[in-house]
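Residue numbers count from 1 along this sequence. Model, not experiment: these values are computed from the prediction. Indexing begins at 1, ligand by ligand and atom by atom, following the structure's order.
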Amino acid sequence: MAESVIPTGTDGAEPPLDGRIAALRDEARSALSATRDADGLQEWRNRYVGRSGEVTLLLRSVGSLPADERAAFGQAANRLKNELQASFDERESEITSAAGPAGAIDVTLSGRHPIRGRLHPITQTVREITSAFGAMGFQTFEGPEVELERYNFTAMNIPADHPARDMFDTFWLDRVDEDGDRSILLRTHTSPMQARIMESQEPPIRVVIPGRCYRYEATDASHEWHFYQVEVLAVDEGITFADLKGTLYEFARQVFGPECKVRFRCDFFPFVEPGVEMAVNCFNCDGDPACRICRGSGWLEIMGAGMVHPEVLRRAGYDPGRYTGFAAGMGVERVAMLKHGIEDIRHFYANDMRFLSQF
Ligand code: DAH
């Protein structure tokens, strides 16, 4: 290129014009490649190509040259200006695209996933259970966790001296009624809601009652001092044990899958007669004697149930000659443990995200 001519000036004198252009170009280029940010770019622009920048001044000096030199020098200085402007634009886009938020956005980066909240596995299981019954026409109710002894025990056909009270290790509240009885407690099961609902409405009744219960027990892999139950109650004229079996079987198929099998065996609960325990087939084996989940039986118990005891109906003000009903109660943690193969109930309440985020 014409302007790359090496300066040929003698020592101490002004270098020839072409040489001044070449020197300015070298200087401006190396200053440009040393710029690192927007401030540096602005400074560079002021210094070289701005209104009083060196290249601009060089161009203005054309008029003071001898006439025969003006054209060639003017062209060379203009080329320099254009060339530096192009280099500036290039450098500017390099710097801004590397500058992050203040500069260009890299649309090719993959997105950041926010951590999404979710329902606690027990809440999810409660909803699954209540909606399985909801599909069969059952309404969901809730009741008090701090309960009167009268509902928790007496109304459920467990009088004060009844040995069945030993089944329920109870947290009593530090408060006595006029007779000096300790009459307020943390409910040991959701069954007292059967009595509260029957007292407040007439049959037909079809309800499910999820809720937290408390027992004064040592904790281990299968016991917590607080846990959830879902109570089931249906009362009407002509309800039979066949309704109990059909309803609970359908529930099991909804929650454990259509292949689920159920087994009913006699059991005792003071508030039902006859009473049963319902089991579902072991999800882990087919009756393998070595299975540690069902201990070789092939069955896993999931709830107590039975026909509502005539005494419970009578205490609630219903005529047991006219109405019959069935009831059931299940532990929600147990259902969740069987569904998901969880081996320790304490995981549910340890608030460990590594556990909770699996559900
Ligand atoms: N309330 C019982 C318990 O906590 C469970 C139960 C058994 C509830 C049989 C029922 C029933 O409604 O019919 O152990």
Side-chain angles (χ1 to χ4, degrees), residues 126 129-130 133 138 140-145 147-159 162-171 185-198 205-217 222-236 239-249 251-252 262-280 300-313 315-316 318 320 323-335 345:
V126 164
I129 295 169
T130 55
F133 283 101
F138 285 73
T140 300
F141 278 81
E142 288 183 312
E145 293 176 23
E147 184 55 284
L148 296 171
E149 180 259 327
R150 177 158 66 88
Y151 285 109
N152 196 81
F153 290 127
T154 318
M156 299 317 293
N157 200 28
I158 314 174
H162 198 287
R165 289 210 179 189
D166 296 347
M167 283 162 58
F168 304 102
D169 302 295
T170 309
F171 283 110
L185 45 77
L186 298 183
R187 67 176 173 199
T188 59
H189 53 172
T190 43
S191 301
M193 275 303 287
Q194 291 187 26
R196 285 183 177 273
I197 285 171
M198 285 192 276
I205 287 176
R206 279 196 201 85
V207 292
V208 273
I209 307 122
R212 192 186 280 239
C213 306
Y214 302 83
R215 283 187 205 172
Y216 183 54
E217 283 190 346
S222 52
H223 294 87
E224 260 290 3
W225 62 271
H226 61 102
F227 52 90
Y228 277 78
Q229 286 190 341
V230 174
E231 193 77 13
V232 184
L233 177 68
V235 184
D236 201 353
I239 289 197
T240 70
F241 198 86
D243 298 310
L244 177 155
K245 283 177 71 179
T247 308
L248 299 184
Y249 184 25
F251 151 77
V262 296
R263 181 194 70 181
F264 292 95
R265 290 209 303 197
C266 290
D267 202 349
F268 171 76
F269 302 95
F271 29 91
V272 284
E273 180 57 35
V276 291
E277 131 231 300
M278 186 176 101
V280 293
L300 299 161
E301 285 135 34
I302 60 161
M303 68 174 104
M307 299 306 289
V308 180
H309 198 290
E311 188 56 27
V312 172
L313 294 171
R315 283 177 191 272
Y318 287 4
Y323 294 115
T324 52
F326 70 82
M330 69 191 91
V332 177
E333 288 81 359
R334 183 155 172 88
V335 171
I345 192 174

For M198 and L233, what are the C-alpha separation, side-chain angles and deciding distance, and is it a side chain to side chain contact (heavy atoms under 4.5 Å, CB included)?
CA-CA 10 Å; M198 285 192 276; L233 177 68; 4.0 Å; yes
With a 4.0 Å cut-off on N to O distance, would you call E231 and R187 a salt bridge?
no
Less than 4.0 Å between a side-chain N and a carboxylate O, is that true for E277 and R263?
yes
Any atoms of ligand 1 less than 4.0 Å from a non-hydrogen atom of R215? List them with their elements.
3 (C), 4 (O), 14 (O)
V272 heavy atoms within 4.0 Å reach ligand 1 at atoms 13 (O)
Among all protein heavy atoms, pick out the one at the shortest distance from atom 2 (C) of ligand 1; state its residue, atom name and that distance to 0.1 Å.
F271 CZ, 3.8 Å
Hey, which atoms in ligand 1 end up nearer than 4.0 Å to a heavy atom of Q229?
3 (C), 4 (O)
Non-hydrogen atoms of F227 and E333 that approach each other most closely:
CA-OE2, 3.2 Å
Let's go through F153 and T188 carefully: what are the C-alpha distance in whole Å and the side-chain angles of both, what is the deciding distance for side chain to side chain contact (heavy atoms under 4.5 Å, CB included) to 0.1 Å, and is it a yes or a no?
CA-CA 9 Å; F153 290 127; T188 59; 4.3 Å; yes
Quick check on F171: does its CZ atom have over 12 non-hydrogen neighbours (other residues, nucleotides or ligands) under 6.0 Å away?
yes
With atoms numbered from 1 as shown, which atoms in ligand 1 lie under 4.0 angstrom from a non-hydrogen atom of S191?
1 (N), 8 (C)
On a heavy-atom basis, which atom in L244 and which in A327 lie closest, and how many Å separate them?
CD1-O, 4.5 Å
Is the F269 to H189 ring centre distance short of 6.0 Å?
no
List every atom of ligand 1 that sits less than 4.0 Å from any heavy atom of G304, numbering the atoms from 1 in the order shown and giving each element.
7 (C), 9 (C), 11 (C)
Evaluate the side-chain proximity of M330 to I302: yes if any heavy-atom separation is below 4.5 Å, no if none is.
no
Looking only at distances, please establish whether an N/O atom of ligand 1 is found under 3.5 Å from an N/O atom of T188.
no
Tell me which part of A328 gets within contact of ligand 1: side chain, backbone, both or neither, using heavy atoms under 4.0 Å.
backbone
G306 heavy atoms within 4.0 Å reach ligand 1 at atoms 13 (O)
In terms of atom number and element, which parts of ligand 1 are under 4.0 angstrom from non-hydrogen atoms of E231?
8 (C), 10 (C), 12 (O)
Do A327 and ligand 1 have an N or O pair less than 3.5 Å apart?
yes
May I ask you to list the atoms of ligand 1 that are less than 4.0 angstrom from any heavy atom of F269?
7 (C), 9 (C)
Q194 near ligand 1 by a heavy-atom separation under 4.0 Å:
yes
